Amino acid sequence: MVDILQQIINGISLGSIYALIALGYTMVYGILRLINFAHGDIFMVGAFIGYFALGSWNLPFALGLVIAMIGASVVGMIIERFAYRPLRTAPRISLLITAIGVSFLLENLMVLIVGASPRSFPQSIPVDIYNIGGLILTNRQIIILLISILLMILLQFIVMRTKIGKAMRAVSQDKEMALMLGINIDSVIAFTFALGSALAAAGGVLVGLYFNKIEPYMGVMPGLKAFVAAVLGGIGIIPGAMLGGFILGIAEILVSAFISSTVRDAVAFIILIIILLVRPSGLLGKYMREKV
Amino acid sequence: MRRNLLTLTILILILFLSVLSKNLDPYIYQILVFFGINSILAVSLNLINGFTGQFSIGHAGFMAAGGYFSAALSVYQGEKLLNILSFLPKDLAQGAIFLVFLILGGLFSAILGLIIGIPTLRLKGDYLAIATLGFGEIIRVAILNLDVVGGPRGFPGIPKLTDITWVTFWAFIAVVVIYRIINSSHGRAIISIREDETASESMGINTTYYKVLAFSIGAFFAGIAGGLFAHYLMMLHPSSFTFMRSVEILLMIVLGGLGSITGSIFGAFILTVLPEALRGFAHLRLIIYSLTLIIMMLVRPSGLIGNREISFYRIFKFLRRKGIN
C-alpha cells in the first residue's frame, strides 16, 4: 500500500509537468484547431534557456524560471508569426505538416547550437528528503507541484477574469464573429502562443530540475504524451488538460513501477486510442454533433 | 495505360539496368536499392495520404512490422524450407521462399493495418494523425519487448537476399497496383473521400470500407518494403523505425506531390540522393529537411508536381503545343 502511494506521489510530480505542457496544446488547439507539434520542442527550448540562465549566469532559480518562460514565449510568437500565420486559411493538413517541420527545425537547430549529447541541469536547489510514515518526499517534488499549481491558477485567472482572456475565449468560439466585434485576432492568437509556450518552458525547467538531464530531443516524447493528456481531458478545455496530465503521469509511473518500465512509452498511446474510441471528446468534453 | 507509359518504360529500363548492374559501383548500387525501397514506401503512403486524404504518420511502424515478420521467417524457417525444396535448383528455391516470405510479411502488415484501421479511421484529420503515430510507436515498443527478434539488441543474421532486381520488381508491382486501383471505380470512390467525405458518403459510398482498404494496401506495401530493407541490410534495429522515419516518408510525398504516383517516386529520388549529396554537411541535413518541409508548405503546398502525373502523353501534348505556337 505504501508502495502504491509512493508511486502515486511520483506520478503526481510527473503529471503536473505533463499538465503544464498539455495546457499549451489545448489552448492552441482551442483557438486554431491545430496540433502544434512544435510545442514539445518549445518545452525543450525553455529547458535550455533555463539551463543557460541558471548554469552560465548563476541566477537564482525563480529568476531563471521567469527568463526561460519569457524566452520561450518569444520563440513561440516568432513561430506563430512566420510559420503558422501565413497558413491560416490553408487546409489543416498543410498546417499540420508545417508544425512537424517546425518541430524538426527546432530540434536540429538546437543540436547544431549545443550538440546532441545530454547535459546535466544545474542543481540550484539542494535536495531535501522528507520521510513521512514511510513515504519519501523530496522538496523538489513539492516545488514542482507548487509551481505548477500556481501557474495553473494564474492561467485560469488570465483566461476567465481578464479582458484578453475573454477575447481568447471569444476567438476560440467563433473566429469570424470575434473579428466582427472588433477583436484583433492576430494579437490574441500570438498571445495564446506566448502563454502556452511560457507554460511549456516552465515545464521544461522543472523537468531539468527533476530528472537532472536535458538534451535537444527531450521534447518529443513529453510533447506527444502531453498531447495525449490534452485529448484525454477534452481538447480545448483548460481544466481537462490539467486532469489529463495528472491521470497520465500517475498511470505511466504505476505501469512502469508495477508492470514493466519498457512499455512505459506505450502507455500514453494505448490510453489515447482507448479514449478516442470510447469517448473522443475527452473526459470533460461534451459531444459535438457534426455539422455539414 | 498510355498516360502511364513513361513510368512503365522507366521501370522496365531500370529492370534491364539491374540485370546489367552486376559490376556496378557498390555505392551507387546501394543508393539505387534504397531509392527503390523508398519509392515503394512513398507510393504506398501516397495511396493513404494523397489519394484517400487520410493523414497517416505511422508508416514506419508498418514497415517495421513487415520487415521483422519476414526476417523472422527467414531466420527461423528459411533453412527448413530450403531443405524441403532441395529438389529445385538452389537459386530458384531461395527466390521462391523469399517471395513467399516477403508476401507473408506484407500480409502481416496489412492485417495489422486492418486491425488498426477499423477503429482509427473513424477519426478525422489530426486525431487520425496522432492515432497512427501512436500505433507506430506501439509497434516499435512491442518490438523492443520481443526477445524472439532481439528486442533492443537488434535482429542480426538475416540472409542477404534482396538485390536490385527484387527491389525494382516490387517497386514496379506497387506502382502498377496502386495506379490500377486509382483509375478504377474503387479509385474514384477513394478520391471522392479525399475531396469531400460527407458528400461521398451521402452518394452511397461505403467510406469506412474504402478507407480501411486503402490503409491496408498501403500497409501491405510498406511491409514489403520493410522485408526488402531487412534482407538487404541483414540486420534490423528498432531505432531504424522511429517517428523520424515516418516523417522522412511523409516528406517524400509532400515534396513530390500529394496524390501523384510519379511525384512520390520523384520525391523518393530526391530524398535518397540529397542526403548522399549533403554527406559533408551531415549535421545540416536535418535542418535542410525541416526547412524544406516548412517552405514547401508556405510556397507550394501541392508539392513539386502537384497531383498531376508525368507521362509521355503529357510530354507529347506539351511539345505539340509548343510546336504550334
Side-chain angles (χ1 to χ4, degrees), chain A residues 29 33-38 79 82-87 90-109 111-112 115-116 217 220-221 224-225 227-228 230-231 235 260 262-278 280 290-292, chain B residues 49 53-55 57-58 116 118-120 122-131 133-142 144-145 151-152 196-199 201-202 242-244 246-248 250-251 253-254 258 283-299 301-302:
Chain A
Y29 192 89
R33 299 279 175 274
L34 159 74
I35 298 176
N36 184 11
F37 263 104
I79 291 170
F82 292 103
Y84 299 152
R85 192 176 296 178
L87 288 173
R92 270 162 68 190
I93 292 299
S94 313
L95 211 57
L96 199 61
I97 296 173
T98 313
I100 295 175
V102 171
S103 158
F104 274 79
L105 185 64
L106 285 178
E107 281 161 24
N108 293 306
L109 276 180
V111 170
L112 197 65
Y217 294 108
V220 182
M221 266 297 149
L224 293 174
K225 286 175 189 166
F227 174 77
V228 175
V231 174
I235 197 150
S260 157
T262 40
V263 294
R264 180 181 173 148
D265 284 344
V267 174
F269 297 113
I270 294 169
I271 291 181
L272 172 76
I273 284 150
I274 294 172
I275 197 88
L276 287 177
L277 294 180
V278 179
E290 192 183 341
K291 276 183 262 182
V292 180
Chain B
N49 285 19
Q54 304 303 308
F55 199 71
I57 42 177
I116 293 169
I118 290 172
T120 47
R122 298 195 327 209
L123 308 166
K124 295 220 167 86
D126 351 348
Y127 279 104
L128 176 70
I130 294 285
L133 193 165
F135 269 116
E137 285 296 310
I138 290 174
I139 290 175
R140 200 171 61 85
V141 173
L144 275 173
N145 284 293
D196 190 332
E197 197 174 331
T198 322
E201 201 168 0
S202 65
T242 52
F243 179 46
M244 181 65 214
S246 300
V247 171
E248 213 173 307
L250 179 69
L251 189 56
I253 63 173
V254 169
L258 285 168
H283 51 291
L284 279 180
R285 194 187 88 197
L286 293 169
I287 293 182
I288 294 172
Y289 272 16
S290 38
L291 275 179
T292 319
L293 206 55
I294 299 170
I295 292 169
M296 278 305 283
M297 281 299 113
L298 292 175
V299 180
S302 55

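This structure is a prediction, so every number in the text was calculated from the model and none was measured. Below, chains carry the letters A, B, ... as their sequence lines are ordered, and counting in each starts from 1.
Between chain A and the options B/I294, B/L133, B/L298, the largest number of non-hydrogen pairs under 4.5 Å is found for B/I294. Chain B forms the most heavy-atom pairs under 4.5 Å with one residue out of A/I100, A/L95, A/V220, and that residue is A/I100. Here A/T98 is the residue among A/V228, A/L224, A/V111, A/T98 with the most heavy-atom pairs under 4.5 Å with chain B.
When heavy atoms are compared at a cutoff of 4.5 Å, B/I288 does not approach chain A at all. Heavy atoms closer than 4.5 Å to chain B are found in both the backbone and the side chain of A/I97. Interface residue B/I57: only side-chain heavy atoms are found under 4.5 Å from chain A. Interface residue B/M244: backbone and side-chain heavy atoms are both found under 4.5 Å from chain A. Of the two parts of A/F82, only the backbone, made up of N, CA, C and O, holds a non-hydrogen atom closer than 4.5 Å to a non-hydrogen atom of chain B. Both the backbone and the side chain of B/I287 come within less than 4.5 Å of a heavy atom in chain A. At a 4.5 Å heavy-atom cutoff, the contact between B/L250 and chain A is made by side-chain atoms alone. The part of A/R33 that comes within reach of chain B is its backbone (N, CA, C, O), which places non-hydrogen atoms under 4.5 angstrom from that chain. Both the backbone and the side chain of A/L105 come within contact range of chain B, each with at least one heavy atom under 4.5 Å from a heavy atom of that chain. With a 4.5 angstrom heavy-atom cutoff, A/L106 does not touch chain B via any of its atoms. With a 4.5 Å cut-off on non-hydrogen atoms, A/V102 touches chain B through its backbone and its side chain both. Heavy atoms closer than 4.5 Å to chain B are found in both the backbone and the side chain of A/L109.
Taking both residues in full, the closest heavy atoms of A/S94 and A/L87 are given as O-CD1, 4.2 Å, listed atom of the first, atom of the second, then distance. Residues A/M221 and A/F269 come closest through the heavy atom pair CE-CE1, 4.2 Å. The two residues A/L272 and A/I275 have their closest heavy-atom pair at O-CG2, 3.1 Å. Closest approach of A/G101 and B/S290 over heavy atoms only: O-CB, 3.3 Å. Shown here for A/A268 and A/K225, the closest heavy-atom pair between the two residues is CB-CG, 3.6 Å. Of all non-hydrogen atoms in B/M296 and B/V254, the two that sit nearest each other are CE-O, 4.1 Å.
Under a 3.5 Å cut-off, the side chain of A/S103 and the backbone N or O of A/A99 do not form any donor-acceptor pair.
Checked options A/N36, A/V231, A/L34, A/I235; the residue passing with A/Y29 is A/I235 (criterion: side-chain contact (heavy atoms from CB on, under 4.5 Å)).
For the atom pair CD (A/E107) and CG (A/L112), the distance works out to 13.5 Å, reported to the nearest 0.5 Å.
A heavy-atom distance below 4.5 Å is not found between the side chains of B/L293 and A/F104.
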